[in-house]
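Taking it in order: structure first as structure tokens, then the write-up.
None of the values given here were measured: they were computed from a predicted structure. We number each residue from 1, following the sequence as shown. The analysis underlying the following values was restricted to heavy atoms, covering all of them including side chains, and did not include hydrogens, waters or symmetry mates.
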Amino acid sequence: MTGLKVCIVGSGNWGSVIAKIVGHNVKGSNRFDPNVNMWVFEETVNGKKLSEIINTEHENVKYLPGHKLPKNVVAVPDVTEAVKGAKVLVFVIPHQFIGRTCEQIKPHITPGTIGISLIKGIDAGPEGLKLISDIIREKLEIDVSVLMGANIASEVAEEKFCETTIGAKEANGILFKELLQTPNFRITVVQDSETVELCGALKNIVAVGAGFCDGLGFGDNTKAAVIRLGLMEMVAFAKMFCKSPVSSTTFLESCGVADLITTCYGGRNRKVAEAFVRTKKSIAELEEEMLNGQKLQGPQTSTEVYKILEKQGIANKFPLFSAVYMICYKGKEVQKFISCLQNHPEHM
């Protein structure tokens, strides 16, 4: 019996780290095919195609320089070719591209295929909240799990110890744990996948708030307040909008409080938000200047969340989420951010 073929849909910073893990893990497994396809959005780097560089030098020199990828990871620039024959799809692309990508690969999906989304973001659909896993599920008609956690990509690549959370049905959770766990990348599987996924998206908004604090010169006490109040808004949002019951203990997993802390102290959302205050440049300009082609998720997610809250007439109940959106896109003075903490409903 041949093993399950794995395709990694995406090859940015985090996608390349996951490719490194998956490439090593499938070699020693009889459950998975030993060759892994990785879809690479084709770019030219130093006059050469990125996919060719990866396939000859076994390194993603643009998004994960200094780390060798296993030789059994093959870069494929055509997404429809990359997914052919795959039974396990690992989605790790910026969330704004997921709909279009799913439409391209739909004709090549075979029955019994499963997916896992590592994408941190949400969509404000006409009916309200739409999770990225919902989009994949609907467009591809497959079962989709999620992986979210305190996982700054460079540290995972360097094999520094960290934890992560998979939200999945039991059998698929076991399979994905086998595919993705390493001695220094420890996985807990929970069934509350909606909450796991929402944590991954919402914490990026809070991280933008933390970056504002740093840019304004406030200290660790203020940042701790941002983290706590942000967590309270995350819990309230999940309880309001999740279709299945929300377990409070999920917020104590890596996807919850741990990811929130690490993103508010490290990570690109915090860094760009600090520069936003100090340079007075727009989010779009800073993304272009600072991120080497990567996409910023926090401000974009704040837009989707604000749409959902405004439609329900409850934006005032989420002052931190709302302030991040208004400051990033509507010209609200960043100095006013602190008033959303002072006058938070938690303090009333």
Exercise. Side chain of R270, backbone of A210: donor and acceptor closer than 3.5 Å?
Worked result: no
Problem set entry | Shortest non-hydrogen separation from S248 to K239 and the atoms involved | OG-NZ, 3.8 Å
Exercise. Cluster question for you: counting only ILVMFWY and a side-chain heavy-atom cut-off of under 4.5 Å, with indirect links fine, are V83 and I119 together?
Worked result: yes
Exercise. Given side chains that start at C-beta, do those of T279 and E285 come closer than 4.5 Å, heavy atoms only?
Worked result: no
Exercise. Taking the side chain as C-beta and beyond, is there a heavy-atom pair between E194 and F241 under 4.5 Å?
Worked result: no
For this session: Evaluate the side-chain proximity of M148 to K203: yes if any heavy-atom separation is below 4.5 Å, no if none is.
Result: no
Exercise. Salt-bridged, E304 to K307, with N to O below 4.0 Å?
Worked result: yes
Exercise. With a 4.5 Å heavy-atom cut-off, do I93 and W39 have their side chains touching?
Worked result: yes
Exercise. Less than 4.5 Å apart, any side-chain heavy atom of L180 and any of T164?
Worked result: no
Problem set entry | Co-membership, hydrophobic cluster, residues F97 and V92, 4.5 Å side-chain | no
Exercise. Looking just at side-chain N and O atoms, do D192 and T250 make a donor-acceptor pair shorter than 3.5 Å?
Worked result: yes
Exercise. What distance do F276 atom CZ and L286 atom CG have between them, rounded to the nearest 0.5 Å?
Worked result: 8.0 Å
Exercise. At their closest point, which heavy atom of N269 faces which heavy atom of A207, and how far apart are they?
Worked result: CB-CB, 4.0 Å
For this session: Output the distance between atom CZ (F237) and atom SG (C199), rounded to the nearest 0.5 Å.
Result: 12.0 Å
Problem set entry | Shared hydrophobic cluster, L202 / L131 (ILVMFWY, side-chain heavy atoms < 4.5 Å) | yes
Seminar exercise, completed: The complete set of salt bridge (charged side-chain N to carboxylate O under 4.0 Å, His left out) pairs with one or both residues in residues 32-43, sequence neighbours excluded, reads E43-K62
For this session: Would you mind reporting whether I283 and Q300 have side-chain heavy atoms less than 4.5 Å apart?
Result: no
Problem set entry | Point-to-point distance, once rounded to the nearest 0.5 Å, from CD of E127 to CD1 of I308 | 11.0 Å
For this session: Could you tell me whether a side-chain N or O of S51 sits under 3.5 Å from a main-chain N or O of P77, the two making a donor and an acceptor?
Result: no
Exercise. Is there a side chain to side chain donor-acceptor pair (under 3.5 Å) between N204 and T301 once you walk through the steps?
Worked result: CA-CA 8 Å; N204 283 330; T301 305; 5.3 Å; no
Problem set entry | salt bridge (charged side-chain N to carboxylate O under 4.0 Å, His left out) pairs, two or more places apart, involving residues 74-90 | E81-K84
For this session: Kindly assign one of parallel, tilted or perpendicular to the pair F321 and F318, based on the angle between their ring planes and the thresholds 30° and 60°.
Result: parallel
For this session: Show the numbers, then the answer: is there a side chain to side chain contact (heavy atoms under 4.5 Å, CB included) between L50 and Y63?
Result: CA-CA 10 Å; L50 182 57; Y63 295 109; 4.3 Å; yes
Problem set entry | Value rounded to 0.5 Å, distance of CZ in R278 from CG in L216 | 8.5 Å
Problem set entry | Separation of K49 NZ from N55 CG (nearest 0.5 Å) | 12.0 Å
Exercise. Parallel, tilted or perpendicular: which describes the rings of F185 and W14, with under 30° parallel and over 60° perpendicular?
Worked result: perpendicular
Problem set entry | Main-chain N/O of A323 paired with K332 side-chain donor or acceptor, under 3.5 Å | no
For this session: Might you confirm whether atom CD of E158 has over 12 heavy atoms from other residues, nucleotides or ligands at distances under 6.0 Å?
Result: yes
Exercise. If we only count heavy atoms from C-beta on, is the Q297 to Q96 side-chain gap below 4.5 Å?
Worked result: yes
Exercise. When you look at D259 and T263, which way does the side chain to side chain donor-acceptor pair (under 3.5 Å) test go after all the steps?
Worked result: CA-CA 6 Å; D259 197 8; T263 314; 3.1 Å; yes
Exercise. Should F91 and L140 be marked as a side chain to side chain contact (heavy atoms under 4.5 Å, CB included) after you check the CA-CA gap, both sets of side-chain angles, and the distance that decides it?
Worked result: CA-CA 12 Å; F91 292 94; L140 300 184; 3.7 Å; yes
For this session: Report the distance from atom NE2 of H24 to atom CG of L69, rounding to the nearest 0.5 Å.
Result: 8.5 Å
Seminar exercise, completed: For S254 and G149, the nearest pair of non-hydrogen atoms, with its separation, is OG-CA, 3.5 Å
Problem set entry | N72 (side chain) donor-acceptor with G23 (main chain) under 3.5 angstrom | yes
Exercise. Are V79 and I8 connected in a single hydrophobic cluster, I mean Ile/Leu/Val/Met/Phe/Trp/Tyr linked by side-chain heavy atoms less than 4.5 Å apart?
Worked result: no
For this session: Tell me, with the steps shown, if E197 and S117 meet side chain to side chain donor-acceptor pair (under 3.5 Å).
Result: CA-CA 9 Å; E197 189 170 358; S117 171; 4.8 Å; no
For this session: Provide the closest heavy-atom pair for A86 versus T110 in the form atom of the first, atom of the second, distance.
Result: O-OG1, 4.5 Å
Exercise. Which atom names give the shortest non-hydrogen contact between I166 and K177, and what distance separates them?
Worked result: CD1-N, 4.2 Å
For this session: In sequence, state the C-alpha distance, the side-chain angles, and the governing distance for L198 and M234, and then conclude on side chain to side chain contact (heavy atoms under 4.5 Å, CB included).
Result: CA-CA 8 Å; L198 262 186; M234 285 166 62; over 6 Å; no
Exercise. Going by heavy atoms in the side chains, are R228 and E346 under 4.5 Å from each other?
Worked result: yes
Exercise. What do you reckon, is CZ of R186 surrounded by more than 12 foreign heavy atoms closer than 6.0 Å?
Worked result: yes
Exercise. Any donor and acceptor pair, going by atom type alone, linking the side chain of S322 with main-chain N or O of A315 inside 3.5 Å?
Worked result: yes
Problem set entry | More than 12 heavy atoms from other groups under 6.0 Å of CZ on F41 | no
Seminar exercise, completed: Residues at least two apart in sequence or cross-chain that pass salt bridge (charged side-chain N to carboxylate O under 4.0 Å, His left out) with K223, listed by chain then number, are D214
Exercise. Do M232 and L320 belong to the same hydrophobic cluster, where Ile, Leu, Val, Met, Phe, Trp and Tyr are linked whenever their side-chain heavy atoms lie under 4.5 Å apart, directly or via other members?
Worked result: no
Problem set entry | Side chains of S145 and N172, donor plus acceptor under 3.5 Å | no
Exercise. What pair of heavy atoms forms the shortest contact from E57 to K68, and how long is it?
Worked result: O-NZ, 2.9 Å
Exercise. How about N316: does its CG atom have over 12 heavy atoms from other parts shown lying under 6.0 Å from it?
Worked result: yes
Exercise. Does NZ in K169 sit with more than 12 non-hydrogen atoms of other residues, nucleotides or ligands closer than 6.0 Å?
Worked result: no
